[in-house]
Novice: 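I'd like to ask you about the structure that follows.
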Amino acid sequence: MELFDLPLIWAFIIGFGIIMYVLMDGFDLGVGILFPFAPSEESRDTMMNSVAPVWDGNETWLVLGGAGLLAAFPMVYSIFLPALYIGVFLLLAGLIFRGVAFEFRFKARTSRYLWNWAFAGGSTLAAFAQGAVVGAYIQGFETANGVYVGGALDWLTPFTVLTGLGMLAGYALLGSTWLIMKTEGRLQEWAYRITLPLLAGVLVVFGIISVWTPFVDDLVRGRWFSSLTVIWVLPVLTLLCAFQIFRSVRNRFEGMPFVATMGLFIFTYLGLIVSRWPYVVPPDYTLWDAASAYESQLFLLLGLLFVIPIVLVYTAWTYWVFRGKVRAGEGYH
């Protein structure tokens with residue numbers, strides 16, 4: 001007897017893992033995206049030191065979301081991987097490049113500029129690939145009898161390129177507001193200067209995507225425009241977060257720009273979920289269609305009930321230990 005709607009519970013857990021990854025790994029990807037434009041090499045040292053203690057722990061949420069998705073919704077893997085294997089490969093390649101650059105850049109002398117580009121290029125590639133994959137999810141997948149029947153490059157369209165650029169701009173905004181909060185002096189002033197242009201870029205790209213998306217899928221258009229419903233609260237809250245970023249930067253607040261940027265991402269993410277709910281493999285398969293056996297989901301859920309609190313505690317502890325400003329000449333390495 002099925003006492004709980006486990007696919008719904010798993011959807012919440014995986015969705016939570018994804019948004020945690022986007023928020024927590026997004027700002028250190030953003031730091032990498034901004035790396036080539038930093039005012040000096042000393043500033044780059046400080047930028048990397050600001051995320052060095054936490055970046056690898058942040059990616060725990062990517063592993064959690066990916067493993068949970070495989071265990072709870074195997075159909076998603078069986079369709080997503082053939083459809084998106086090039087995009088996923090680019091994502092993983094970018095993460096590998098930036099991970100190696102973290103360790104080697106501080107040891108290198110004559111080749112440091114190469115590791116600068118590896119860090120920046122890996123971060124940019126990973127962020128763009130994430131955005132393109134999200135765009136492919138919005139577009140939907142060509143399937144027949146639970147099998148992907150489209151081409152290897154169907155995921156790469158003008159729409160997904162735009163969502164990739166939107167993710168790049170959004171992560172760069174997270175990175176700049178993180179630097180406002182974690183640094184001081186010349187580097188912080190530079191971060192203040194670039195935040196509002198980045199915010200404008202994010203709003204422009206997100207606005208175009210919002211207008212374009214209803215024309216990509218009839219379900220999305222019907223959900224948002226068939227009647228005025230409570231879901232319109234989400235774009236309103238997103239714009240309020242954008243206004244708070246603008247106000248906080250103008251008033252030289254340090255922590256609020258980063259918090260407001262996280263809010264902007266959260267409400268945009270919720271808007272995406274509402275647009276597609278309950279389809280995990282659009283346009284045909286709901287989360288109940290894609291779910292694994294009830295017994296499998298229950299067994300794995302019991303394990304996660306122990307793992308997730310531990311991950312939350314050590315993550316919070318890490319951020320507490322490394323709280324405060326990162327100054328030139330100081331750092332984790």
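As the structure is a prediction and not an experimental result, all values here were calculated from the model.
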Novice: Between Ser50 and Leu179, does a side chain to side chain contact (heavy atoms under 4.5 Å, CB included) hold up when you go through it step by step?
Specialist: CA-CA 8 Å; Ser50 74; Leu179 293 174; 4.0 Å; yes
Novice: Is the backbone N or O of Ile180 less than 3.5 Å from a side-chain atom of Gln188, with the two atoms forming a donor-acceptor pair by type?
Specialist: yes
Novice: Look at the aromatic rings of Tyr171 and Phe265 and report parallel, tilted or perpendicular, splitting at 30° and 60°.
Specialist: parallel
Novice: Just checking Trp117: does its CH2 atom have more than 12 heavy atoms from other residues, nucleotides or ligands closer to it than 6.0 angstrom?
Specialist: no
Novice: Apply side chain to side chain donor-acceptor pair (under 3.5 Å) to the pair Thr183 and Thr46, showing each step before the final yes or no.
Specialist: CA-CA 8 Å; Thr183 65; Thr46 306; over 6 Å; no
Novice: Which pairs, with at least one residue in residues 62-83 and sequence neighbours excluded, count as a ring-ring contact (aromatic ring centres under 6.0 Å, His included)?
Specialist: Phe80-Phe141
Novice: Evaluate Thr163 against Thr160 for side chain to side chain donor-acceptor pair (under 3.5 Å), listing each step before the verdict.
Specialist: CA-CA 5 Å; Thr163 57; Thr160 61; 5.4 Å; no
Novice: Using a distance-only test with no angle check, is there a side-chain donor-acceptor pair under 3.5 angstrom linking Thr157 and Gln139?
Specialist: yes
Novice: Check whether the side chains of Thr318 and Thr315 place a donor and an acceptor atom closer than 3.5 Å, and report yes or no.
Specialist: no
Novice: Between Asn116 and Glu41, is there a side-chain donor-acceptor contact under 3.5 Å, judged purely by atom types and distance?
Specialist: yes
Novice: Quick check against the 3.5 Å criterion: does Lys325 have a side-chain atom that pairs as donor or acceptor with the backbone of Glu184?
Specialist: no
Novice: With sequence neighbours left out, which residue pairs that include part of residues 234-253 fulfil the salt bridge (Lys or Arg N to Asp or Glu O under 4.0 Å) condition?
Specialist: Glu189-Arg252
